[in-house]
K.L.:
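Dropping a structure here in structure tokens format, bear with me for questions.
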Amino acid sequence: MIQSLRGMNDILSEDYERFEYFITTASTIAKRYGFHYIETPLLEETALFKRSVGESSDIVGKEMYQFIDKGENDVCLRPEGTAGVVRAFIQHKLDKKGGIHRFYYHGAMFRYERPQKGRLREFHQFGVESFGVDSVYEDALMIMMVADILKALGIGYRLKLNSLGDQNCMPAYREKLVSFIESCGDSICGDCERRKLTNPIRVLDCKNEACQNLYVNAPKLINNLCEGCQSDFDTLKTILDQHTIAYEIDTNLVRGLDYYSKTAFEFVSDNIGSQSAIAGGGRYDRLIEFLDGKPTPAVGFALGIERLMELIVMPEPVREGYYFGAMDAEAITPLLLAAEKIRRTQKAVVEYEPRSLKAHLKGADRINARYCAVIGENELAQNSIWVKDLVDKTESLIPLNDFFV
RNA sequence: GUGGAAUUAGCUCAGUCGGUUAGAGCAUCAGGUUGUGGUUCUGAGGGUCGUGGGUUCGAUUCCCAUAUUCCACCCCA
């Protein structure tokens with residue numbers, strides 16, 4: 001038997017209904033916030049991700065679906081959505097055009113990782129990107145939008161908030177932190193020893209207890225923000241308070257990459273296992289210039305759809321449409337015609353096998369049909385169709401001529 | 001990439017100290033005197049016990065490999 005590849009899943013029937021419900025709900029909300037859909041390719045030049053993600057850490061070498069195609073192009077399946085949207089933004093010269101551009105997208109992303117729950121090789125994200133707005137109000141808008149989406153889906157969450165500073169205060173903080181780590185000497189773990197060089201800020205959320213004890217007195221970025229970053233962060237907190245969105249400051253919430261600045265946020269759920277982040281986002285004012293665009297302020301977020309799936313509270317299903325069943329082989333012909341007529345406006349499902357009335361009622365019930373319509377011996381004799389409303393429990397015998405009017 | 005656990009019916013799981021017909025619940029299908037569902041009762045069908053090797057008279061059970069899932073770590077754009 002041929003199986004799907006590791007970490008790559010099919011999404012079918014009820015799962016897909018959830019999936020679709022999520023997309024519909026999130027898209028509706030994004031449109032209400034004034035965002036427009038953008039579709040970008042799944043495959044991009046590897047250089048795009050190398051430059052957006054940076055050469056740092058294992059990401060490029062180890063965790064991307066990278067290969068050389070038949071035209072000898074170095075390409076990658078997209079590991080995230082932002083880079084492609086930014087590429088499109090620059091390619092279509094929207095950076096030069098100026099103004100505000102707001103996009104939302106959803107689709108498959110690919111990361112070559114060891115799978116576990118909530119961590120797949122092919123997974124789906126819903127995201128939005130906003131270009132051209134410098135104001136921290138746009139950062140707040142992002143958070144409000146995620147909160148709206150999660151609320152609409154009946155999903156509980158905790159919101160973690162941090163500021164990453166900008167090019168004025170981040171580098172200085174980084175140096176301060178590195179010298180603090182160095183002052184710890186050999187007592188830090190091997191992982192931290194490595195992180196000190198690759199991504200020093202990550203040492204702050206080391207899982208090692210001994211390290212954590214050492215880092216209690218580590219300098220915190222939040223106490224080392226420059227004036228602009230500090231006032232934006234304060235404003236953001238005020239806005240969230242005014243909109244009664246609860247948050248917790250998490251000074252360990254970081255983004256490893258250089259183009260991130262100021263606002264960083266993460267929505268987490270305590271009910272889905274170790275991969276608990278359901279949405280993450282923040283400001284990335286420098287990415288556009290990193291990708292050869294005209295410097296443009298930008299902020300965005302992405303939601304991991306698979307991680308939300310089991311948390312979504314679906315609305316009560318409503319009975320709709322018709323189930324058609326034959327109790328006699330001869331009855332199929334008029335039933336197919338009846339179904340064809342109903343399908344012009346409603347759902348109509350036909351069972352081809354002649355069965356007992358009881359079996360057909362069960363069948364109608366199972367597909368959640370509003371009406372069960374059958375034709376048997378009696379109906380054939382009277383050239384009519386028997387219809388039962390499964391909600392009102394009323395039934396009627398309708399002459400076929402009337403039914404087809 | 002590292003370490004660990006799991007894999008038996010469509011689903012959730014029992015079980016076999018290696019032995020002849022591998023079980024349950026739910027689901028499916030059929031019946032309950034012959035045409036009334038979602039909520040009853042009875043019965044039936046459905047499994048080369050993840051895959052490939054090995055040990056053995058004999059393997060679903062023991063050993064090895066492999067695949068997938070899950071957990072912890074690494075990483076997390």
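Per chain, numbering begins at 1; letters A, B, ... match sequence-line order.
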K.L.:
Check if the side chain of A:K393 and the base of B:rG37 share a donor-acceptor pair of N or O atoms closer than 3.5 Å.
P.N.:
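Indeed there is one.
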K.L.:
Spell out yes or no: do the side chain of A:R355 and the base of B:rG35 have one donor N/O and one acceptor N/O closer than 3.5 Å?
P.N.:
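Side chain to base: no pair present.
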K.L.:
Rounded to the nearest Å, what distance is computed from the CZ atom of residue A:R307 to the P atom of nucleotide B:rC76?
P.N.:
13 Å
K.L.:
What's the closest nucleotide to the A:K358 side chain, out of B:rC75, B:rG32, B:rU68?
P.N.:
B:rG32
K.L.:
Phosphate oxygens OP1/OP2 of B:rC76: is one of them under 4.0 Å from a side-chain N or O of A:R202?
P.N.:
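For B:rC76, OP1/OP2 do have a side-chain N/O of A:R202 under 4.0 Å.
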K.L.:
Nearest to the side chain of A:Q116 - B:rC74, B:rU69, B:rC71?
P.N.:
B:rC71
K.L.:
For the side chain of A:R6 and the base of B:rU69, is some donor closer than 3.5 Å to an acceptor across the two?
P.N.:
no
K.L.:
Rounded to whole Å, please give me the gap between CG in A:D365 and P in B:rG37.
P.N.:
10 Å
K.L.:
Give a yes/no answer on whether the side chain of A:S274 brings an N or O atom under 4.0 Å of OP1 or OP2 in B:rA72.
P.N.:
yes
K.L.:
Between the base of B:rC75 and the side chain of A:R119, is there any donor-acceptor pair under 3.5 Å?
P.N.:
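Side chain to base: pair present.
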K.L.:
Base of B:rG35, side chain of A:E379 - is there a donor-acceptor contact under 3.5 Å?
P.N.:
yes
K.L.:
Centroid-to-centroid, A:F19 to A:Y16, below 6.0 Å?
P.N.:
yes
